[in-house]
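Notes follow once the structure below has been shown.
Because the structure is a prediction, the values reported are computed rather than measured. All chains are named by letter (A, B, ...) in the order of the sequence lines, taking the proteins before the strands, and each is independently numbered beginning at 1. The figures that follow rest on heavy atoms only: side chains count, while hydrogens, waters and symmetry mates do not.
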Protein chains: 2
Amino acid sequence: MRRYSCPVEFAVDTLGGKWAVVILAQLKEGSSRYGELRRLIPGITEKMLTQRLRELEAAGLVERTVESGLPLAVSYSLADDSLRPVLQALYDWGGARAAQVGAEIEPPARR
Amino acid sequence: MRRYSCPVEFAVDTLGGKWAVVILAQLKEGSSRYGELRRLIPGITEKMLTQRLRELEAAGLVERTVESGLPLAVSYSLADDSLRPVLQALYDWGGARAAQVGAEIEPPARR
DNA sequence: CTTCTCACGCACCAGAAAGTACGTACTTGA
DNA sequence: TCAAGTACGTACTTTCTGGTGCGTGAGAAG
(Lines give C-alpha, C1' and ligand atoms only; values in the text may rest on other atoms or scores of the structure.)
Protein backbone atom coordinates (compact mmCIF):
# COMPACT_ATOMS: atom_id res chain seq x y z
CA MET A 1 0.00 0.00 0.00
CA ARG A 2 1.34 3.36 -0.90
CA ARG A 3 -1.55 5.68 -1.44
CA TYR A 4 -4.54 5.76 0.84
CA SER A 5 -8.08 6.72 0.10
CA CYS A 6 -9.04 7.45 3.67
CA PRO A 7 -7.34 8.18 6.98
CA VAL A 8 -8.74 5.03 8.49
CA GLU A 9 -7.11 2.92 5.82
CA PHE A 10 -3.81 4.57 6.66
CA ALA A 11 -4.36 4.09 10.39
CA VAL A 12 -5.15 0.41 10.00
CA ASP A 13 -2.07 -0.03 7.87
CA THR A 14 0.33 1.59 10.31
CA LEU A 15 -1.17 -0.11 13.33
CA GLY A 16 -0.81 -3.43 11.58
CA GLY A 17 -1.90 -6.87 12.62
CA LYS A 18 -3.77 -8.14 15.59
CA TRP A 19 -0.98 -7.98 18.13
CA ALA A 20 0.27 -4.44 17.68
CA VAL A 21 -2.94 -2.88 18.94
CA VAL A 22 -3.08 -5.21 21.90
CA ILE A 23 0.47 -4.32 22.88
CA LEU A 24 -0.26 -0.62 22.55
CA ALA A 25 -3.39 -1.06 24.64
CA GLN A 26 -1.32 -2.53 27.45
CA LEU A 27 1.20 0.27 27.20
CA LYS A 28 -1.50 2.90 27.56
CA GLU A 29 -1.75 1.74 31.19
CA GLY A 30 1.84 2.80 31.69
CA SER A 31 5.25 1.54 30.70
CA SER A 32 5.99 -2.14 30.98
CA ARG A 33 9.01 -4.35 30.81
CA TYR A 34 9.39 -7.08 28.25
CA GLY A 35 8.59 -9.93 30.57
CA GLU A 36 5.71 -8.02 32.05
CA LEU A 37 4.15 -7.61 28.63
CA ARG A 38 4.52 -11.33 28.10
CA ARG A 39 2.52 -11.99 31.23
CA LEU A 40 -0.05 -9.33 30.46
CA ILE A 41 -0.67 -10.69 27.00
CA PRO A 42 -1.02 -14.43 27.36
CA GLY A 43 -1.20 -16.11 24.01
CA ILE A 44 1.43 -13.98 22.35
CA THR A 45 4.67 -15.71 21.46
CA GLU A 46 8.01 -14.15 22.32
CA LYS A 47 8.80 -13.87 18.66
CA MET A 48 5.65 -11.90 17.93
CA LEU A 49 6.15 -9.67 20.93
CA THR A 50 9.69 -8.82 19.95
CA GLN A 51 8.81 -8.43 16.29
CA ARG A 52 5.86 -6.12 16.90
CA LEU A 53 7.80 -4.10 19.45
CA ARG A 54 10.58 -3.58 16.91
CA GLU A 55 8.08 -2.42 14.32
CA LEU A 56 6.24 -0.14 16.69
CA GLU A 57 9.54 1.33 17.78
CA ALA A 58 10.59 1.89 14.18
CA ALA A 59 7.27 3.56 13.49
CA GLY A 60 7.89 5.86 16.44
CA LEU A 61 4.81 4.71 18.31
CA VAL A 62 6.65 3.06 21.17
CA GLU A 63 9.67 4.11 23.14
CA ARG A 64 12.24 1.58 24.28
CA THR A 65 14.44 2.35 27.25
CA VAL A 66 17.19 0.18 28.63
CA GLU A 67 17.97 0.69 32.26
CA SER A 68 21.47 -0.67 32.23
CA GLY A 69 22.44 -2.98 35.00
CA LEU A 70 22.38 -6.70 35.25
CA PRO A 71 20.17 -8.49 34.62
CA LEU A 72 18.91 -6.36 31.78
CA ALA A 73 15.84 -4.25 32.35
CA VAL A 74 14.10 -2.96 29.23
CA SER A 75 10.91 -0.97 29.39
CA TYR A 76 8.52 0.07 26.70
CA SER A 77 6.10 2.95 26.74
CA LEU A 78 3.80 4.85 24.41
CA ALA A 79 5.83 7.42 22.51
CA ASP A 80 2.81 9.48 21.66
CA ASP A 81 -0.25 10.39 23.67
CA SER A 82 -2.30 10.92 20.55
CA LEU A 83 -2.99 7.22 20.39
CA ARG A 84 -4.64 7.17 23.81
CA PRO A 85 -8.12 8.18 22.68
CA VAL A 86 -8.06 5.56 19.92
CA LEU A 87 -7.02 2.82 22.30
CA GLN A 88 -9.53 3.96 24.88
CA ALA A 89 -12.35 3.97 22.35
CA LEU A 90 -11.43 0.47 21.26
CA TYR A 91 -11.20 -0.66 24.85
CA ASP A 92 -14.59 0.74 25.74
CA TRP A 93 -16.30 -0.62 22.68
CA GLY A 94 -14.68 -4.02 23.11
CA GLY A 95 -15.83 -4.17 26.69
CA ALA A 96 -19.40 -3.21 25.90
CA ARG A 97 -19.59 -5.53 22.94
CA ALA A 98 -18.13 -8.44 24.90
CA ALA A 99 -20.78 -7.93 27.54
CA GLN A 100 -23.55 -7.92 24.92
CA VAL A 101 -22.28 -10.98 23.15
CA GLY A 102 -21.22 -12.77 26.29
CA ALA A 103 -17.54 -13.16 25.49
CA GLU A 104 -15.19 -14.07 28.28
CA ILE A 105 -12.51 -11.59 29.13
CA GLU A 106 -10.10 -12.42 31.88
CA PRO A 107 -7.26 -10.01 32.35
CA PRO A 108 -4.23 -11.64 33.96
CA ALA A 109 -3.18 -10.31 37.34
CA ARG A 110 -0.95 -7.27 37.12
CA ARG A 111 1.74 -7.98 39.61
CA MET B 1 -9.22 -17.34 19.72
CA ARG B 2 -11.81 -18.13 22.28
CA ARG B 3 -10.86 -16.42 25.47
CA TYR B 4 -9.59 -12.92 25.61
CA SER B 5 -7.29 -11.26 28.06
CA CYS B 6 -8.35 -7.72 27.29
CA PRO B 7 -11.26 -5.92 25.63
CA VAL B 8 -9.01 -4.56 22.94
CA GLU B 9 -7.99 -8.06 21.93
CA PHE B 10 -11.64 -8.94 21.60
CA ALA B 11 -12.37 -5.78 19.63
CA VAL B 12 -9.55 -6.40 17.19
CA ASP B 13 -10.72 -9.94 16.72
CA THR B 14 -14.33 -9.06 15.94
CA LEU B 15 -13.40 -6.17 13.68
CA GLY B 16 -11.15 -8.49 11.75
CA GLY B 17 -8.77 -7.83 8.92
CA LYS B 18 -7.72 -4.68 7.21
CA TRP B 19 -10.82 -4.11 5.11
CA ALA B 20 -13.61 -4.43 7.65
CA VAL B 21 -12.65 -1.26 9.48
CA VAL B 22 -12.30 0.68 6.26
CA ILE B 23 -15.76 -0.38 5.16
CA LEU B 24 -17.23 0.56 8.52
CA ALA B 25 -15.48 3.90 8.35
CA GLN B 26 -17.20 4.65 5.06
CA LEU B 27 -20.53 3.61 6.45
CA LYS B 28 -20.19 5.99 9.37
CA GLU B 29 -20.72 8.78 6.80
CA GLY B 30 -24.12 7.32 6.04
CA SER B 31 -25.51 4.35 4.22
CA SER B 32 -24.02 3.37 0.90
CA ARG B 33 -24.91 1.03 -1.89
CA TYR B 34 -22.66 -1.79 -2.97
CA GLY B 35 -21.31 -0.08 -6.07
CA GLU B 36 -20.85 3.12 -4.15
CA LEU B 37 -18.67 1.38 -1.59
CA ARG B 38 -16.60 -0.02 -4.42
CA ARG B 39 -15.96 3.48 -5.69
CA LEU B 40 -15.31 4.87 -2.23
CA ILE B 41 -12.79 2.18 -1.42
CA PRO B 42 -10.53 1.86 -4.42
CA GLY B 43 -8.17 -1.05 -4.04
CA ILE B 44 -10.70 -3.41 -2.55
CA THR B 45 -11.74 -6.30 -4.74
CA GLU B 46 -15.38 -7.20 -5.19
CA LYS B 47 -14.75 -10.51 -3.52
CA MET B 48 -13.32 -8.86 -0.42
CA LEU B 49 -16.09 -6.31 -0.29
CA THR B 50 -18.81 -8.94 -0.49
CA GLN B 51 -17.04 -11.26 1.92
CA ARG B 52 -16.45 -8.60 4.56
CA LEU B 53 -19.98 -7.24 4.21
CA ARG B 54 -21.35 -10.75 4.78
CA GLU B 55 -19.24 -11.13 7.90
CA LEU B 56 -20.08 -7.72 9.26
CA GLU B 57 -23.74 -8.41 8.65
CA ALA B 58 -23.49 -11.76 10.42
CA ALA B 59 -21.78 -10.05 13.34
CA GLY B 60 -24.62 -7.58 13.50
CA LEU B 61 -22.41 -4.59 12.86
CA VAL B 62 -23.87 -3.71 9.49
CA GLU B 63 -27.41 -3.64 8.23
CA ARG B 64 -28.26 -4.71 4.70
CA THR B 65 -31.41 -3.42 3.07
CA VAL B 66 -32.69 -4.35 -0.35
CA GLU B 67 -34.88 -1.80 -1.97
CA SER B 68 -36.66 -4.09 -4.35
CA GLY B 69 -37.04 -2.97 -7.88
CA LEU B 70 -34.96 -3.55 -10.91
CA PRO B 71 -32.09 -3.17 -11.19
CA LEU B 72 -31.35 -4.24 -7.65
CA ALA B 73 -30.53 -1.59 -5.11
CA VAL B 74 -28.86 -2.81 -1.94
CA SER B 75 -27.72 -0.44 0.74
CA TYR B 76 -25.58 -1.00 3.77
CA SER B 77 -25.45 1.02 6.94
CA LEU B 78 -24.02 0.86 10.43
CA ALA B 79 -26.26 -1.26 12.60
CA ASP B 80 -24.93 0.20 15.79
CA ASP B 81 -23.97 3.74 16.70
CA SER B 82 -21.61 2.54 19.40
CA LEU B 83 -18.93 2.03 16.79
CA ARG B 84 -18.99 5.67 15.72
CA PRO B 85 -16.59 6.98 18.39
CA VAL B 86 -14.12 4.22 17.61
CA LEU B 87 -14.19 4.92 13.90
CA GLN B 88 -13.98 8.65 14.50
CA ALA B 89 -10.98 8.27 16.79
CA LEU B 90 -9.24 6.13 14.20
CA TYR B 91 -10.12 8.63 11.50
CA ASP B 92 -8.78 11.56 13.46
CA TRP B 93 -5.61 9.83 14.48
CA GLY B 94 -5.00 8.54 10.98
CA GLY B 95 -5.41 12.00 9.56
CA ALA B 96 -3.06 13.62 12.06
CA ARG B 97 -0.49 10.88 11.71
CA ALA B 98 -0.61 11.00 7.92
CA ALA B 99 0.03 14.72 8.05
CA GLN B 100 3.03 14.23 10.36
CA VAL B 101 4.53 11.46 8.31
CA GLY B 102 3.62 12.96 4.98
CA ALA B 103 1.45 10.16 3.68
CA GLU B 104 -0.80 10.84 0.75
CA ILE B 105 -4.49 10.50 1.30
CA GLU B 106 -6.79 11.14 -1.60
CA PRO B 107 -10.42 10.38 -0.99
CA PRO B 108 -12.28 9.57 -4.19
CA ALA B 109 -15.06 11.94 -5.15
CA ARG B 110 -18.35 11.13 -3.49
CA ARG B 111 -20.91 11.43 -6.24
C1' DC C 1 26.57 -28.01 38.75
C1' DT C 2 22.34 -27.40 36.93
C1' DT C 3 18.56 -24.68 36.30
C1' DC C 4 16.08 -20.32 36.02
C1' DT C 5 15.13 -15.65 34.40
C1' DC C 6 15.89 -11.64 31.33
C1' DA C 7 15.51 -10.09 26.66
C1' DC C 8 15.91 -11.30 22.80
C1' DG C 9 17.49 -13.58 17.49
C1' DC C 10 16.98 -16.90 13.68
C1' DA C 11 15.28 -20.60 10.63
C1' DC C 12 11.57 -23.05 9.12
C1' DC C 13 6.67 -24.13 8.25
C1' DA C 14 1.47 -24.00 8.21
C1' DG C 15 -2.70 -21.78 7.74
C1' DA C 16 -5.39 -17.85 6.97
C1' DA C 17 -6.21 -13.73 4.54
C1' DA C 18 -6.21 -11.55 0.43
C1' DG C 19 -5.75 -11.21 -4.71
C1' DT C 20 -6.87 -12.98 -9.66
C1' DA C 21 -9.97 -14.27 -12.82
C1' DC C 22 -14.11 -15.50 -14.55
C1' DG C 23 -19.30 -16.48 -14.37
C1' DT C 24 -24.38 -15.18 -13.41
C1' DA C 25 -29.06 -13.00 -14.19
C1' DC C 26 -31.33 -9.02 -15.24
C1' DT C 27 -31.86 -4.21 -17.30
C1' DT C 28 -30.89 0.13 -19.37
C1' DG C 29 -28.66 3.00 -22.86
C1' DA C 30 -26.19 3.70 -27.45
C1' DT D 1 -26.93 -5.93 -30.92
C1' DC D 2 -23.42 -4.88 -27.83
C1' DA D 3 -21.56 -2.83 -23.97
C1' DA D 4 -22.12 -1.57 -19.33
C1' DG D 5 -24.07 -1.39 -14.71
C1' DT D 6 -26.13 -3.77 -10.46
C1' DA D 7 -24.85 -7.15 -6.92
C1' DC D 8 -22.92 -10.73 -6.22
C1' DG D 9 -20.57 -16.18 -6.36
C1' DT D 10 -16.81 -19.53 -6.99
C1' DA D 11 -12.32 -21.68 -7.95
C1' DC D 12 -7.58 -21.13 -7.78
C1' DT D 13 -3.24 -18.99 -6.38
C1' DT D 14 -0.20 -16.03 -3.90
C1' DT D 15 1.28 -13.59 -0.04
C1' DC D 16 2.12 -13.02 4.47
C1' DT D 17 1.18 -13.34 9.30
C1' DG D 18 1.92 -15.90 12.93
C1' DG D 19 3.51 -20.33 15.40
C1' DT D 20 7.26 -23.81 16.75
C1' DG D 21 11.47 -24.65 18.30
C1' DC D 22 16.12 -23.76 19.36
C1' DG D 23 20.21 -20.76 20.66
C1' DT D 24 22.52 -16.71 23.20
C1' DG D 25 25.13 -14.76 27.37
C1' DA D 26 25.21 -13.16 31.79
C1' DG D 27 23.92 -13.39 36.65
C1' DA D 28 21.19 -15.43 40.50
C1' DA D 29 19.41 -19.32 43.05
C1' DG D 30 19.04 -24.04 44.48
With the side chain defined as heavy atoms from C-beta on, B:R33 is closest, among D:dC8, C:dC6, D:dT6, to D:dT6
Check against salt bridge (charged side-chain N to carboxylate O under 4.0 Å, His left out), A:R52 and A:E55: CA-CA 5 Å; A:R52 295 299 126 203; A:E55 287 179 18; 2.8 Å; yes
Within this structure, what is the [atom1]-to-[atom2] distance between [X] and [N], rounded to whole angstrom?
X     : N      : atom1 : atom2 : answer
A:I23 : C:dA7  : CD1   : C1'   : 14 Å
B:L40 : D:dA7  : CG    : P     : 13 Å
B:L37 : D:dC8  : CG    : C1'   : 13 Å
A:R39 : C:dT5  : CZ    : P     : 10 Å
B:L53 : C:dA18 : CG    : P     : 13 Å
A:L49 : C:dC10 : CG    : C1'   : 16 Å

Report task. Could you tell me whether A:E57 and A:R54 have a side-chain N and a carboxylate O separated by less than 4.0 Å? Result -> yes
Establish, with yes or no, whether the OP1 or OP2 oxygen of C:dG9 is under 4.0 angstrom from a side-chain nitrogen or oxygen of A:Y34.
no
Between B:S32 (side chain) and B:L37 (backbone), is there a donor-acceptor pair under 3.5 Å? no
- Task: Taking A:S5 for its side chain and B:P42 for its backbone only, find out whether a donor-acceptor pair lies under 3.5 Å.
- Result: no
On a heavy-atom basis, the closest approach of A:F10 and B:A103 is CE1-CB, 3.5 Å
With sequence neighbours left out, the residues meeting side-chain contact (heavy atoms from CB on, under 4.5 Å) with B:R38 are B:Y34, B:E46, B:L49
Protein heavy-atom contacts under 4.0 Å, written 5' to 3' over nucleotides 9-24 of chain D as B (base), S (sugar-phosphate only) or - (none), form the string SBB------BBB----
